[in-house]
Amino acid sequence: MINIYHNPRCSKSRQGLEILENSGKEFKIIKYLDNVPSEEELKRLISLLDIKPIELVRKNEAIWKSDYKGKDLSDSEIISAMIKNPKLIERPIVTNNSKAVIGRPPETIKNII
């Protein structure tokens with residue numbers, strides 16, 4: 001099953017959603033700001049993406065700059081920050097079984113669908 005972790009207010013996320021809609025494949029939309037991923041789910045996404053937690057953080061968000069930037073944070077503290085402030089999670093994330101990509105640029109989504 002294909003999932004997209006989507007923020008409707010984000011242009012890249014909307015472009016990613018459009019790619020999935022045009023693919024003709026079934027997928028599920030997860031509005032992660034409304035349904036914040038659990039710690040386990042976020043760890044699974046990070047593992048599927050094969051990245052470090054800090055690579056999933058939107059570092060230009062005001063909350064990152066004011067509360068976290070410049071601090072020496074552990075991976076679990078970074079994951080906790082993303083759960084507490086889901087706006088910090090990079091988007092869109094698309095998963096397809098054991099594969100995942102961050103849709104930046106949105107065309108990268110085509111690699112896993």
Q. Is it the case that one hydrophobic cluster holds both I78 and L49, taking links as side-chain heavy atoms less than 4.5 Å apart, direct or via other members?
A. yes
Please assess H6 against R14 for the test side chain to side chain contact (heavy atoms under 4.5 Å, CB included), listing each intermediate value before the final yes or no. CA-CA 8 Å; H6 178 59; R14 290 192 307 270; 4.2 Å; yes
*Show your reasoning for whether side chain to side chain donor-acceptor pair (under 3.5 Å) applies to E41 and Y5.*
CA-CA 12 Å; E41 188 177 359; Y5 290 79; 2.5 Å; yes
Practice prompt. For the pair S13 (side chain) and C10 (backbone), establish whether a donor and an acceptor sit closer than 3.5 Å, ignoring hydrogens and angles.
Written response: no
Residues at least two apart in sequence or cross-chain that pass side-chain hydrogen bond (donor to acceptor under 3.5 Å, both in side chains) with S74, listed by chain then number, are E77
CG (N3) and OG1 (T95) are apart, to the nearest 0.5 Å, by 4.0 Å
Value for CG (N60) from NZ (K69), rounded to nearest 0.5 Å, stands at 8.0 Å
Around atom CG of N111, are there more than 12 heavy atoms from other residues, nucleotides or ligands closer than 6.0 Å?
yes
Here the gap from K52 atom NZ to I46 atom CD1, rounded to the nearest 0.5 Å, amounts to 11.0 Å
Checklist entry - Between R58 and E61, is the closest basic N to carboxylate O distance under 4.0 Å? => result yes
Is K99 reaching over with its side chain to a backbone N or O of I113, donor-acceptor style, under 3.5 angstrom?
no
Next on the checklist: Just so I know, are the side chains of I30 and I4 near enough to count as touching, which here means a heavy-atom distance under 4.5 Å?
Outcome noted: no
Step by step, would you call V101 with I93 a side chain to side chain contact (heavy atoms under 4.5 Å, CB included)?
CA-CA 6 Å; V101 294; I93 301 168; over 6 Å; no
Here the gap from S80 atom OG to L42 atom CG, rounded to the nearest 0.5 Å, amounts to 9.5 Å
May I have the step-by-step check of salt bridge (charged side-chain N to carboxylate O under 4.0 Å, His left out) for K43 and E39, ending in yes or no? CA-CA 6 Å; K43 285 180 176 178; E39 180 179 355; 3.1 Å; yes
Between G16 and I109 the two heavy atoms that sit nearest each other are CA-CD1, 3.4 Å
Residue set satisfying ring-ring contact (aromatic ring centres under 6.0 Å, His included) with Y68, at least two apart, ordered chain then number -> W64
Please check if M82 and I102 belong to a single hydrophobic cluster, counting links between Ile, Leu, Val, Met, Phe, Trp and Tyr side chain heavy atoms closer than 4.5 Å.
yes
CD1 of I54 to CG of L88, rounded to nearest 0.5 Å, is 9.5 Å
I51-V94 co-clustered via ILVMFWY side chain contacts under 4.5 Å: no
Looking only at heavy atoms, the pair that brings V36 and P86 closest together is CG2-CG, 3.6 Å
Donor-acceptor pair, side chain of R104 and main chain of R91, under 3.5 angstrom = yes
query: Can you find a pair of side-chain heavy atoms, one from V57 and one from E90, that are under 4.5 Å apart?
result: no
Checklist line | Side-chain donor or acceptor of K110 paired with backbone N/O of P106 under 3.5 Å | finding: no
Could you go through residues 21-29 and list every donor-acceptor pair under 3.5 Å that involves a side-chain atom there, pairing it with any protein atom two or more places apart or in another chain?
unit_1: N22; atom_1: ND2; unit_2: E18; atom_2: O; d: 3.3
unit_1: S23; atom_1: OG; unit_2: L20; atom_2: O; d: 2.6
unit_1: S23; atom_1: OG; unit_2: K25; atom_2: N; d: 3.1

* Give a yes or no on whether I112 and L48 share a hydrophobic cluster (residues Ile, Leu, Val, Met, Phe, Trp, Tyr; joining criterion: side-chain heavy atoms under 4.5 Å apart). => no
Discussion item. Can you tell me if K31 has over 12 outside heavy atoms packed within less than 6.0 Å of its NZ?
Written reply: no
Counting N and O atoms only, with roles assigned by atom type, does the side chain of N7 sit under 3.5 Å from a partner on the main chain of R9, one being a donor and the other an acceptor?
yes
Output for pair (I89 CD1, I79 CD1), nearest 0.5 Å, gives 10.0 Å
